[in-house]
Amino acid sequence: MRIGSGFDVHAFGPGEFVMLGGVRVAHSRGVVAHSDGDVLLHALCDALLGAAGLGDIGLHFPDSDARWKGAASPHFVTAVLAMLRSRGFSVVNADLTLLAEAPRLAPHRETIRDAVARLLEVPVERVNLKATTTERLGFLGRSEGLAAQAVVLLAEG
Ligand code: MG
């Protein structure tokens, strides 16, 4: 078994939706990002890569590379999963946490959970999705952006 963790932040910017777990969620702001700025999937990719000892998302999909401009983050997850499979790893479970004052996760929780499980090709019970605010403290509390944490467990062989 291998465990990995990931963390990602994006600042809010102009726009009317954010991408969370590959799902478009309506919001009064968008995010500033080279790709689609999906914090949940970026943290998930880093956790997957971390568990496999394969570095981080910036190493494999550098934001200096025009190929990834505006990229849909599900593509990153699929590509990372292929790297893991070729090395004999499979996903046991993933636990994701969204840190933000808004948008609220609750109305979208099951949709996003389903989407992440489909991306990881695991039963939905193996994906957990949590959310917390930071009690209005710090940059997240001031609604300057949003962040996500991910922990995954991989099985070998
Ligand atoms: Mg990111």
Side-chain angles (χ1 to χ4, degrees), residues 2-85 89 91 93-106 108-109 111-122 127-134 137-154:
R2 302 276 201 102
I3 193 167
S5 75
F7 180 70
D8 192 45
V9 176
H10 281 279
F12 285 132
E16 52 197 24
F17 69 91
V18 296
M19 296 303 293
L20 291 175
V23 174
R24 183 179 167 128
V25 172
H27 189 47
S28 54
R29 316 289 310 277
V31 294
V32 179
H34 187 260
S35 68
D36 64 6
D38 190 324
V39 287
L40 283 176
L41 294 189
H42 294 180
L44 175 62
C45 283
D46 267 357
L48 291 165
L49 290 166
L54 290 172
D56 62 30
I57 191 170
L59 181 71
H60 296 278
F61 312 103
D63 62 11
S64 55
D65 189 329
R67 268 186 301 170
W68 314 123
K69 185 160 173 53
S73 295
H75 170 82
F76 298 147
V77 179
T78 304
V80 167
L81 213 53
M83 285 180 225
L84 302 194
R85 291 231 169 94
F89 292 112
V91 176
N93 73 304
D95 187 17
L96 310 180
T97 306
L98 178 71
L99 300 97
E101 295 293 330
R104 306 303 289 192
L105 183 67
H108 311 284
R109 187 192 302 265
T111 306
I112 295 170
R113 190 182 180 202
D114 281 344
V116 172
R118 267 202 309 279
L119 272 176
L120 292 176
E121 298 178 30
V122 297
V127 174
N128 190 64
L129 198 49
K130 309 195 295 291
T132 186
T133 69
T134 57
L137 296 171
F139 68 93
L140 295 169
R142 293 187 297 270
S143 294
E144 293 170 7
L146 71 180
Q149 291 180 326
V151 175
V152 303
L153 192 65
L154 300 181

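Each ligand, and each atom within it, is numbered from 1 in the order the structure gives.
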Would you give me the side-chain donor-acceptor pairs under 3.5 Å for residues 43-51, sequence neighbours excluded?
residue: Asp46; atom: OD1; partner: Ile57; partner atom: N; Å: 2.7

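The N, O or S atom of His10 with the smallest distance to the Mg ion (ligand 1) is NE2. Of all the N, O or S atoms in Asp8, the one closest to the Mg ion (ligand 1) is OD2. The N, O or S atom of His42 lying closest to the Mg ion (ligand 1) is ND1.
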Exercise for review: Apply side-chain contact (heavy atoms from CB on, under 4.5 Å) to the pair Phe76 and His42, showing each step before the final yes or no.
Suggested key: CA-CA 8 Å; Phe76 298 147; His42 294 180; 4.0 Å; yes
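Pairs of residues two or more places apart, or lying in two chains, that qualify as salt bridge (charged side-chain N to carboxylate O under 4.0 Å, His left out) and include a residue from residues 73-85 are Arg85-Glu121.
The closest donor-acceptor contact from the side chain of Arg24 to the backbone of Phe17 lies at 3.5 Å or more, if one exists at all.
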